[in-house]
Amino acid sequence: MKYAFAKMHGAGNDFVLIEDPDCQFPLEPGVIRKLCSMHEGLGTEGLLILRPPRAEGLVFTMLFFNPDGSRASMCGNGSRCAAYFAYQCGLAPRRQVFGTDAGPVEAELVAIGKAEAQVRIRMTPPGDRRHDLSVGGCGFLYQFLDTGVPHAVTFVPDVDAVDVETEGRSVRYAEAFAPAGTNVDFAQVTGPSSLRVRTYERGVEAETAACGTGCAASAAAAVESGRCTSPVRVLTAFGAELEFVCEPGADGLTANLLMTGPARIICRGELEADWLVG
């Protein structure tokens with residue numbers, strides 16, 4: 001048995017995407033770790049499995065796995081890649097709604113090239129907010145909010161001066177976020193409607209080149225605190241740009257969150273099932 005796959009990246013965040021129409025792909029953590037390994041497998045920051053839809057009105061279901069084998073409910077950059085991959089495979093139209101563990105995601109391919117598209121997705125409104133949390137070792141104050149996965153956001157004068165690995169790891173495992181832990185985002189305001197963001201990603205356990213849900217959390221936190229006005233352009237560590245529209249609800253908090261950014265296909269291929277379990 002063979003599985004069709006694509007290697008893709010969204011703003012520098014790289015993924016392997018696999019079609020699994022018969023729901024036969026093995027989801028064991030050991031298999032996931034092997035496939036994501038740089039030396040044994042395809043080398044990726046995340047694995048996305050596309051399966052048939054679970055509910056009416058959805059075109060497919062996206063399952064997301066971190067390279068340590070753990071499953072996450074949502075991935076912003078991965079969602080854009082999934083939408084483009086599904087369109088290229090004939091699984092979904094240009095405008096689509098697909099399922100994730102965090103709920104339905106609306107997506108639209110607003111511009112399409114030969115191997116790249118600009119994709120807009122409607123993200124889960126941020127929830128589970130906590131403010132002015134003092135955790136970690138550097139004395140930063142963090143805002144906690146969930147954009148499909150948990151994020152602790154702090155605003156700093158210069159993101160280049162932050163030891164993302166050390167501070168991120170100390171916050172990721174802080175008691176305030178036990179037992180699941182959190183992703184950690186360091187945001188620098190660079191203009192009235194612009195940020196630079198660096199992220200320590202849970203499951204990758206290191207700084208990532210880009211994190212869509214982290215940039216979304218940072219943009220929402222910046223707008224809600226009056227640091228930026230919407231739409232917010234966010235520059236990732238990779239050097240790519242994402243745009244976020246943060247529309248407030250009656251309570252002034254972000255109720256509608258749209259992200260637009262690139263999704264690019266690097267290569268395509270086939271995986272042998274025997275290799276996965278061998």
Trainee: What pairs meet the ring pair (Phe, Tyr, Trp, His ring centres under 6.0 Å) rule with one or both residues in residues 29-60, with sequence neighbours excluded?
Mentor: Phe60-Phe98
Trainee: Might you point out which heavy atoms bring Val59 and Pro53 nearest each other, and give the distance in Å?
Mentor: O-CD, 3.7 Å
Trainee: Which distance, rounded to the nearest 0.5 Å, do you find between the CD1 of Ile266 and the CD of Glu116?
Mentor: 10.5 Å
Trainee: Report the residues that fulfil side-chain contact (heavy atoms from CB on, under 4.5 Å) with Thr166, sequence neighbours left out, ordered by chain and then residue number.
Mentor: Asp163
Trainee: Under a 3.5 Å distance rule, please check whether Gln188 uses its side chain to pair with a backbone N or O of Val159 as donor and acceptor.
Mentor: yes
Trainee: Could you tell me whether the side chain of Thr44 and the main chain of Asp14 form a donor-acceptor pair under 3.5 Å?
Mentor: yes
Trainee: Please report the closest heavy-atom contact between Ile121 and Ala107, naming both atoms and the distance.
Mentor: CG2-CB, 3.8 Å
Trainee: Checking the side chain of Asp22 only, and the main-chain atoms of Gln24 only, is there a donor and an acceptor separated by less than 3.5 Å?
Mentor: no
Trainee: Going by side-chain hydrogen bond (donor to acceptor under 3.5 Å, both in side chains), name the residues that satisfy it together with Thr199, two or more places apart in sequence or in a different chain.
Mentor: Asp185
Trainee: Using the rule given for side chain to side chain contact (heavy atoms under 4.5 Å, CB included), can you reason through Tyr142 versus Val135, listing the C-alpha separation, both sets of side-chain angles and the distance that settles it, and then say yes or no?
Mentor: CA-CA 7 Å; Tyr142 287 87; Val135 292; 3.7 Å; yes
Trainee: Do Leu242 and Thr236 come within less than 4.5 Å of each other through their side chains, counting heavy atoms only?
Mentor: yes
Trainee: Quick one: pull up CZ in Phe25 and CD1 in Ile49 and give me the separation to the nearest 0.5 Å.
Mentor: 4.5 Å
Trainee: For Ala222 and Leu195, which heavy atoms make the closest approach, and how far apart are they?
Mentor: CB-CD1, 4.0 Å
Trainee: Quick one: does Thr147's side chain have a donor or acceptor within less than 3.5 Å of a partner on Thr213's backbone?
Mentor: yes
Trainee: Provide the closest heavy-atom pair for Leu48 versus Ala82 in the form atom of the first, atom of the second, distance.
Mentor: CD2-CB, 4.0 Å
Trainee: Quick check: does any side chain N or O of Lys7 sit under 3.5 Å from a backbone N or O of Gly43, one acting as donor and the other as acceptor?
Mentor: yes
Trainee: What about Tyr87 and Leu50, same hydrophobic cluster or not, with Ile/Leu/Val/Met/Phe/Trp/Tyr joined at side-chain heavy-atom distances under 4.5 Å?
Mentor: yes
Trainee: Mind checking side-chain contact (heavy atoms from CB on, under 4.5 Å) for Ser170 and listing every partner two or more places apart, or none if nothing turns up?
Mentor: Glu167
Trainee: What residues form a side-chain hydrogen bond (donor to acceptor under 3.5 Å, both in side chains) with Thr254, not counting sequence neighbours?
Mentor: Glu224
Trainee: Could you pull out all residues at least two apart from Asp132 that satisfy side-chain contact (heavy atoms from CB on, under 4.5 Å)?
Mentor: Leu141
Trainee: Is the backbone N or O of Cys75 less than 3.5 Å from a side-chain atom of Ser79, with the two atoms forming a donor-acceptor pair by type?
Mentor: yes
Trainee: Between CG of Leu258 and CZ of Arg122, what distance do you get to the nearest 0.5 Å?
Mentor: 5.0 Å
Trainee: I'd like to check the side-chain hydrogen bond (donor to acceptor under 3.5 Å, both in side chains) partners of Gln88; sequence neighbours left out, ordered by chain and number.
Mentor: Tyr84
Trainee: Compare every heavy atom of Cys246 with every heavy atom of Ser230, then report the nearest pair and how far apart it is.
Mentor: OG-N, 2.9 Å
Trainee: Can any side-chain N or O of Glu165 pair as donor or acceptor with the backbone N or O of Glu207 at less than 3.5 Å?
Mentor: yes
Trainee: If you round to the nearest 0.5 Å, how far is CG of Leu35 from CG of Leu47?
Mentor: 5.5 Å
Trainee: Could you pull out all residues at least two apart from Ser193 that satisfy side-chain hydrogen bond (donor to acceptor under 3.5 Å, both in side chains)?
Mentor: Thr229
Trainee: Which pairs with one or both residues in residues 221-270 pass ring pair (Phe, Tyr, Trp, His ring centres under 6.0 Å), sequence neighbours excluded?
Mentor: His9-Phe238
Trainee: Name all pairs fulfilling the ring pair (Phe, Tyr, Trp, His ring centres under 6.0 Å) condition that reach into residues 189-218, sequence neighbours left out, sorted by first residue then second.
Mentor: none
Trainee: Hey, could you give me the CG/CD distance between Leu91 and Gln96, rounded to the nearest 0.5 Å?
Mentor: 9.0 Å
Trainee: Taking atom OG1 of Thr208 and atom CZ of Arg202, what is their separation to the nearest 0.5 Å?
Mentor: 13.5 Å
Trainee: Mind checking side-chain contact (heavy atoms from CB on, under 4.5 Å) for Arg33 and listing every partner two or more places apart, or none if nothing turns up?
Mentor: Pro29
Trainee: Tell me, yes or no, whether the heavy-atom count around Glu175 atom CD, taken from other residues, nucleotides or ligands under 6.0 Å, exceeds 12.
Mentor: no
Trainee: Quick one: do Phe15 and Ile32 end up in the same hydrophobic cluster if we chain Ile, Leu, Val, Met, Phe, Trp and Tyr together by side-chain heavy atoms under 4.5 Å apart?
Mentor: no
Trainee: With a 6.0 Å cut-off (strictly less than), is the heavy-atom count around CZ of Arg120, excluding the residue itself, greater than 12?
Mentor: no
Trainee: Please check: side-chain N/O of Arg80 versus main-chain N/O of Pro262, any donor-acceptor pairing under 3.5 Å?
Mentor: yes
Trainee: When hydrophobic residues are tied together by side-chain contacts of less than 4.5 Å, even through go-betweens, does Phe65 share a cluster with Met8?
Mentor: no
Trainee: Among the clusters formed by ILVMFWY side chains lying less than 4.5 Å apart, do Val184 and Val204 turn up in the same one?
Mentor: no
Trainee: Step through the shown structure and confirm whether more than 12 heavy atoms of other residues, nucleotides or ligands are within 6.0 Å of CZ on Arg95.
Mentor: no
Trainee: So which heavy atom on Gly136 is nearest to which on Val171, and how close?
Mentor: CA-CG2, 3.8 Å
Trainee: So, the side chain of Arg54 versus the backbone of Thr100: is there a donor-acceptor pair under 3.5 Å, distance only?
Mentor: no
Trainee: Is there a donor-acceptor pair under 3.5 Å between the side chain of Thr61 and the backbone N or O of Gly99?
Mentor: no
Trainee: Going by ring pair (Phe, Tyr, Trp, His ring centres under 6.0 Å), name the pairs with one or both residues in residues 143-178, residues two or more places apart or in two chains.
Mentor: Phe144-Phe177
Trainee: Evaluate the side chain to side chain contact (heavy atoms under 4.5 Å, CB included) criterion for residues Arg51 and Leu63: first the C-alpha distance (whole Å), next the side-chain angles of each, then the deciding distance (0.1 Å), finally the verdict.
Mentor: CA-CA 8 Å; Arg51 287 185 165 180; Leu63 307 181; 3.9 Å; yes
